[in-house]
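Structure first, then comments.
In what follows, chains carry the letters A, B, and so on, assigned in the order in which the sequence lines appear, proteins first and then strands, with residues in each chain numbered from 1.
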Amino acid sequence: MSQKIRGVKGTRDVLPIDTYVKDEDPWVRVGHYQLIEQTARELFPLYGYREARTPILERTELFVRGIGEVTDIVGKEMYTFDDRGESVTMRPENTASLVRAYIEHNVNQQEPETKWWYLGPMFRRERQQRGRYRQFTQIGVEAFGNPGPRIDAEQIEMLERWLRMLGMPFSMHLNTLGDANCRPRYREALQEYLRAHADDLCEECRKRTETNPIRVLDCKNPKCQEVVAGAPRMQEFLCDACKAHFAAVQEALQRLGVAFVIDPKLVRGLDYYTRTAYEAIATSGLGAQSTLAGGGRYDGLVKELGGPDIPGIGFAAGVERMALLIAQQGRERVTRPVVFIAPLGEAEAARADQLAQQLRAAGIAAEVSFRKANPANQLKRADALGARFALVLGDAEMKADRGKLKEMKTGAQHEVSLSALAGEVKKLEGSG
RNA sequence: GUGGCUGUAGCUCAAUGGUAGAGCACUGGACUGUGACUCCAGGUGUUGCCGGUUCGAGUCCGGUCAGCCACCCCA
């Protein structure tokens, strides 16, 4: 045997069978992903969100301008390469791409207020750990063209509903980041305060004080947290408009019955966020990477990327993290045959193929045995596949055009007509 | 990018420096006309890879790769 080729570090295969073992955790299978995706596909359109798909490959410039040059994502985590003289990057997130598409196709001319949702792989070159991989899947939404605050609450409520439908253990955290008017003033005040306490900060935070002081707020270092406890708070610096917006979002959430906690330390990693910021954080089942979904308002982003002055708000959810929790609950979307047909000879095999074809045409999942084996082994196979019914097709059945449809669970055998098999199966399916 | 732990069969795991094992799963048979139970048989493998120490390395040492966990960052 020649050398095995292995998958790229930090990427995983998601198969319909068990693959990765995570100590006491159950294994993540494709059925767990499908449950999450299917729920989103059904729920989001109820709120007016329609699916949008953008390319995985974008010009590097898009992310540099959209996400921010000093962020870790752009600074050191992107898969960037030269495409014959042009620098391109595999998307590390999807918001910048959707904004690009919105601008490129002049969507604001047709329907300035539009709601999109997306699903797909993102790429960041990080060291992997529980709930964090180099290729990961995000499901997210963006609502363009409405400044809020009611749409903010609507979106947060949709996220909450989605996560609750999936049985996720989580709590919703809410904060405001201010806007172009008040954030700079806060930033300055915070910076001043942090400089005065530089001796008590970790090395990293001393750097952040100069590059991105707001990030110091969510540093996990206990000493930094002590300093942060006495730091000026965004709330005290909010301009009247931001204050009113924040209050209105909270009121709207209360009206909709959404539970949330105000979290002044909640800051979003990407530069483009303004005002409303929110995160759904898992309360159990995950390790250090417990943010299931993070979102916020980005009123300046569309303009920043060369488009009209259009506001927006969106969230992105990490499917791998959700899949871990889904797997822990044992909830899964499984596909199994309804009817398993086991022909005993050559002529029967030909008939079996046609019977399966007819069943499938009628919308019934059918599996036909391709191997020669005695009835006992065929039944064993039907059992392993989880088939609901098994049909052994032999000489007698061929002659009579009737067969015995065996219900695997109970062992009961139902005499059915072969030419009318699909109808017979549907009748039995309904009855039991 | 930094640190810690771990690498033996498809999976879960054993083997004092001295001949690679068990359970589960898988395939076939007992059973050309009915599965789950039972019995029998059978692949289960360059012990992650490379090197070193040794008469001898799955075991000790070094390196490397991968996985896991945490930092960082984020979904």
Side-chain angles (χ1 to χ4, degrees), chain A residues 1-4 6-12 15 17-25 27 67 70-77 92-95 121-140 159 202-205 207-208 212 215 218-221 267-270 279-282 286-295 314-324 340 342-345 348 371-387 389-397 403-413:
Chain A
M1 188 172 69
S2 54
Q3 192 68 37
K4 270 189 202 172
R6 284 185 307 207
V8 173
K9 184 185 176 89
T11 66
R12 11 187 57 197
L15 306 176
I17 58 167
D18 296 336
T19 46
Y20 297 95
V21 184
K22 312 263 295 175
D23 293 334
E24 69 282 357
D25 275 358
W27 304 358
I67 299 173
V70 298
T71 60
D72 279 10
I73 293 176
V74 172
K76 50 194 190 199
E77 295 174 359
E93 53 101 53
N94 209 183
T95 299
M122 310 296 158
F123 303 83
R124 293 181 199 172
R125 200 178 186 292
E126 301 177 276
R127 190 80 164 259
Q128 81 242 42
Q129 69 184 78
R130 186 172 175 81
R132 191 178 73 183
Y133 312 99
R134 291 185 171 184
Q135 176 176 335
F136 59 103
T137 314
Q138 282 189 337
I139 295 179
L159 173 61
C202 68
E203 194 185 337
E204 197 59 37
C205 282
K207 265 187 255 169
R208 289 195 190 111
N212 198 355
R215 289 237 61 107
D218 66 351
C219 179
K220 283 173 193 160
N221 187 307
V267 295
R268 315 264 38 250
L270 284 49
E279 264 180 24
I281 299 174
L286 292 178
Q289 309 301 324
S290 56
T291 302
L292 293 175
F315 70 73
V319 177
E320 280 71 16
R321 293 175 188 178
M322 293 171 69
L324 270 172
F340 181 85
L344 296 179
E348 289 90 339
R371 60 176 84 159
K372 260 195 188 148
N374 60 42
N377 279 327
Q378 298 281 25
L379 269 281
K380 230 178 251 182
R381 175 114 180 108
D383 190 45
L385 288 170
F389 301 102
L391 177 69
V392 175
L393 202 58
D395 204 38
E397 285 83 359
K404 279 183 234 137
L405 200 57
K406 176 162 185 165
E407 191 152 8
M408 296 302 288
K409 214 168 176 179
T410 61
Q413 307 225 46

- Message: Heavy atoms from C-beta onward define the side chain here; which of B:C71, B:C68, B:C74 lies closest to that of A:Q128?
- Response: B:C68
- Message: Let's see if you can work this out: which of B:C71, B:U27, B:C68 has an atom nearest to the side-chain heavy atoms of A:Q289?
- Response: B:C71
With a 4.0 Å cut-off on heavy atoms, is [X] in touch with a base, just the backbone sugar-phosphate, or nothing at all?
X	answer
A:E279	nothing
A:G10	sugar-phosphate
A:I139	nothing

- Using Watson-Crick and G-U wobble pairs whose two distances are both under 3.5 Å, how do you write the pairing of RNA chain B as dot-bracket, with | for links to another strand? (((((((..((((....[..)))).(((((.......))))).....(((((..]....))))))))))))....
Distance-only donor-acceptor test (3.5 Å): side chain [X], base [N]:
X	N	result
A:R132	B:A75	no
A:R215	B:C72	no
A:E126	B:A75	yes

Write down the distance separating the [atom1] atoms in [N] and [M], rounded off to the nearest Å.
N	M	atom1	result
B:A66	B:C50	P	16 Å
B:U46	B:A9	C1'	13 Å
B:G67	B:U27	C1'	30 Å
B:C71	B:U19	P	44 Å
B:A57	B:A14	P	23 Å
B:U44	B:G1	P	40 Å
B:C65	B:C74	C1'	26 Å
B:A30	B:C13	P	36 Å

- Item | Test item: A:E93 and A:I67 side chains (from C-beta on) under 4.5 Å apart, heavy atoms | yes
- Item | Contact check, side chains of A:R12 and A:Q135, non-hydrogen atoms, under 4.5 Å | no
- Query: So which of A:L324, A:L292, A:T137 actually passes side chain to side chain contact (heavy atoms under 4.5 Å, CB included) with A:V319?
  - Reply: A:T137
- Task: Scan A:R124, A:R125, A:M122, A:E126 and name whichever one has a side chain to side chain contact (heavy atoms under 4.5 Å, CB included) with A:I73.
- Result: A:R124
At a cut-off of 3.5 Å, list every protein nitrogen or oxygen paired with a nitrogen or oxygen from nucleotides 29-35 of chain B, distance to 0.1 Å.
unit_1	atom_1	unit_2	atom_2	d
B:G29	OP2	A:N377	ND2	2.6
B:C31	O2'	A:N374	ND2	3.1
B:U32	OP2	A:N374	ND2	3.4
B:G33	O6	A:D395	N	3.2
B:G33	O6	A:A396	N	3.4
B:G33	O6	A:E397	OE1	3.3
B:G33	N1	A:E397	OE1	2.8
B:G33	N1	A:E397	OE2	2.9
B:G33	N2	A:E397	OE2	2.3
B:U34	O2'	A:K406	NZ	3.2
B:G35	N7	A:K406	NZ	3.1
B:G35	O6	A:M408	O	2.9
B:G35	N1	A:M408	O	2.2
B:G35	N2	A:D383	OD1	2.5
B:G35	N2	A:M408	O	3.3

- Considering heavy-atom distances to RNA chain B, does A:E77 or A:K9 have its closest nucleotide positioned more toward the 5' end? A:K9
- Note on the structure: Comparing nearest nucleotides in RNA chain B, the 5'-proximal residue of the pair A:G7, A:A293 is A:G7
- Note on the structure: Rounded to whole Å, CZ of A:R134 lies from C1' of B:C72 at a distance of 14 Å
- Note on the structure: Smallest heavy-atom separation, A:F315 atom then A:A293 atom, equals CD1-CB, 4.5 Å
- Taking only side-chain nitrogens and oxygens of A:R12, does any of them come within less than 4.0 Å of OP1 or OP2 of B:C68? yes
- Query: Hey, does the side chain of A:Q129 come within less than 4.0 Å of B:C68's phosphate (OP1/OP2), counting only N and O?
  - Reply: no
